[in-house]
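First comes the structure, then the notes that go with it.
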There are 2 protein chains.
Amino acid sequence: MSGIADVALRAGVSKSTASRALSGAGHTSERTRTRVLAAASELGYVPSTNAVSLATGRTRNIGVVMPRVNRWFFAEVLEGIQATLLARGYDLTLYDAKPGSPERARVFTEFFARKRFDGLIAVGIEPVDDEIGQLQAVGRPIVSVVGAQDQPGVVGIDDVRASRRATEHLLGLGHRKIAFLGAGDAEVWANVDRLRLEGYRAAMSDAGLSASILHVPSPVTLPGGYAAAVDLLSDDRRPTAILAVCDEVAIGAIIAARRLGIAVPASLSVVGIDDHEFAEMFALTTLRQEPQEQGALAARVLLETLQHPDNPTLIEPMPARLIVRNSTASVDPSQL
Amino acid sequence: MSGIADVALRAGVSKSTASRALSGAGHTSERTRTRVLAAASELGYVPSTNAVSLATGRTRNIGVVMPRVNRWFFAEVLEGIQATLLARGYDLTLYDAKPGSPERARVFTEFFARKRFDGLIAVGIEPVDDEIGQLQAVGRPIVSVVGAQDQPGVVGIDDVRASRRATEHLLGLGHRKIAFLGAGDAEVWANVDRLRLEGYRAAMSDAGLSASILHVPSPVTLPGGYAAAVDLLSDDRRPTAILAVCDEVAIGAIIAARRLGIAVPASLSVVGIDDHEFAEMFALTTLRQEPQEQGALAARVLLETLQHPDNPTLIEPMPARLIVRNSTASVDPSQL
DNA sequence: TTGTAAGCGTTATCAA
DNA sequence: TTGATAACGCTTACAA
């Protein structure tokens, strides 16, 4: 456990010189610098992060809050953030904040107040009431991933546009009876769900099909989509196509269709949003978003902000490309 | 940003008295204590974790390393750890360490050397070569989740026993041609996979079926299990039952069977290990393990060790119960 | 029970 | 370019 004092001693300089040589800040002669560096590596010197933080006020640590980690999207975003921070030598402190839970309240008050991080990445956090103020009160830069597109510092795709595009794909195939599957009432993702529903509605309206708009609520999970689809598809007057709020729901719907003996895509087209890791296996047509990239971008933007606090970075919405696989086809004329 | 000095001033005491009153260590008169507490809350005082850590040597932070976070098991374990730490006021610093990656090397050397945590939880880390030494060198207590059962401080189920039990379930239903699906060669989970394969082999041998042992390699993912099962089941001499290394692979196999028109469980029994969140939806018979509990236990044990370093806690293997659903049935006599 | 003062391991200021 | 010395914000002997 040798400290900078030991290094200084061994290099025959003062602590301050050693510090300068090691951190690169301030002037040091080439000769002493190499001597200090040598001494440090010989001793296996590792600076105490606590002492550094105390003296400088920076932690080299980033906080990440998300409502949960056991969902494909969140896990992917987390990996993207992690990789980027790691490359820059930053640590990552994770905070779990399930909506409405008492733990969440503690995170927002107690844990955030400790300010153990230089900046915060909020993923899929839709702050309610006082949470907004609590986030502000942290007094550290914040970047969000998925959230209201109108706020600054938000990384994500344009959800309205994505689901509109997906709907148009189905319309282009001749479908008229298109159901939107997903987005129950009090969901985690309420915001995103709402935006995607909106895109679907807009596309339907534009096609003169306002009357055919059909919003089927479903839990936003694979089993949830399965169950909801079983109900929906058991009806005689079932739709010819389904737009799911995300791939997990879409895949649930495909599995439901198979079980009911409904051929996909011959008798039913299904399109999702995400390009989930299972999408290929189910030949799912979907709008691809890349959560790892979103996480990486969020991290980059945040680190950039830390370096140049008054250099506000404008974040462009990320692209969402239509990936056509084999879950969508032209509508069967007999079904019209 | 008021510090303890401000609190002390406001309460009309010295810094040390304020510190004692706030931390509860040492004696303080009831009266001054309440005064200090009042002053602290009026000022919204939050101790600087850096200063505390520097002075005490403890961080109130736990490190968690795992090879990845976007797999059901890991994500669940992480949630279990998180919840437990949160309840005790501990922070969680996450380290991603994909096997063999250069990032992993950095984590094990650079990041661990910073010792930003009081203890470490290693989930599914199968340390190689120098990594073992590097973990030791951290000089902090370590608890593992899943790993060699013979090492101390390891939380997990008895994998050999679990897969033996699963195999016996199939044997009890009259199956003789039972394939083990999973565990390719150079897999992340090599250790666990090997143990489960071993349990299967043991059960088969005990039943006098050594000759029928059939190990079919498959990537340990749902799509991987799907692909491997499609191959396996396309063969005329296909097995009447499959034991999958985990539920994700098992579910892949069920989906494959359905696509091939093979009825589960009538013509094919499938059993998994995990009780994954999708298991119920696929009526999968499985051996349930509870990763959240494992994470929580690991966290509890670690915190306990921090409090009583010389009180070695013995960790019992966690139970794995057979959950019989509808993916297994007595073998069809015509298939024998 | 309380206060003084010395750490904890760095960085930052200011002379030299 | 370098070196004393004072922060950083807290805990903890040691004295009172």
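Numbers restart at 1 for each chain; the letters A, B, ... are given by sequence-line order, proteins then strands. Computed over heavy atoms, backbone and side chain alike; hydrogens, waters and symmetry mates excluded.
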Residue V52(A), side-chain heavy atoms: nucleotide from dG9(D), dT2(C), dT11(C) that is nearest: dT11(C)
Gap between atoms CG and P, on L54(B) and dG9(D) respectively (whole Å): 12 Å
Any T32(A) side-chain N or O less than 4.0 Å from OP1/OP2 of dT2(D): yes
Close side-chain approach of V146(A) to V77(A), heavy-atom, < 4.5 Å: no
Side-chain H-bond candidate by donor/acceptor type, S19(B) with S16(B), under 3.5 Å: no
Separation of atom NE2 in H27(A) from atom P in dG3(D), rounded to whole Å: 16 Å
Closest approach of P141(A) to T305(A) (non-hydrogen atoms, all atoms of both residues): CB-CG2, 4.0 Å
Donor-acceptor side-chain pairing of T93(B) and D91(A) below 3.5 angstrom: no
Sugar-phosphate only, base, or nothing, as touched by S53(B) at under 4.0 Å among non-hydrogen atoms: nothing
Nearest-Å distance for atom pair CZ/P, residues R60(B) and dT11(D): 12 Å
d(CD, E30(A); C1', dT2(D)) in whole Å: 16 Å
Nearest-nucleotide pick for Y45(B), side chain only, options being dT12(D), dC10(D), dT2(D): dC10(D)
Heavy-atom closest contact (V52(B) atom, P47(B) atom, distance): CG2-CB, 4.2 Å
Distance in angstrom units between L9(B) CG and dG9(D) C1', rounded: 15 Å
Nearest-nucleotide pick for A55(B), side chain only, options being dG9(D), dT11(C), dG9(C): dG9(D)
Among dT11(D), dG9(D), dT11(C), the one nearest A51(B) by side-chain distance: dG9(D)
Partner of Y90(A) by side chain to side chain contact (heavy atoms under 4.5 Å, CB included), out of T84(A), L306(A), L302(A): L306(A)
Centroid separation Y95(B) to F108(B) less than 6.0 Å: no
Near-strand residues of residues 13-26 of chain B, defined as heavy-atom separation under 4.0 angstrom from DNA chain C: V13(B), S14(B), S16(B), T17(B), R20(B)
I4(A) CD1 - dC8(C) C1' separation (whole Å): 14 Å
Atom-pair distance (CZ on R33(B); P on dT2(C)), nearest Å: 10 Å
Residue-phosphate contact under 4.0 Å: S29(B) side-chain N/O, dT2(C) OP1/OP2: yes
Separation of atom CG in N50(B) from atom C1' in dA7(D), rounded to whole Å: 15 Å
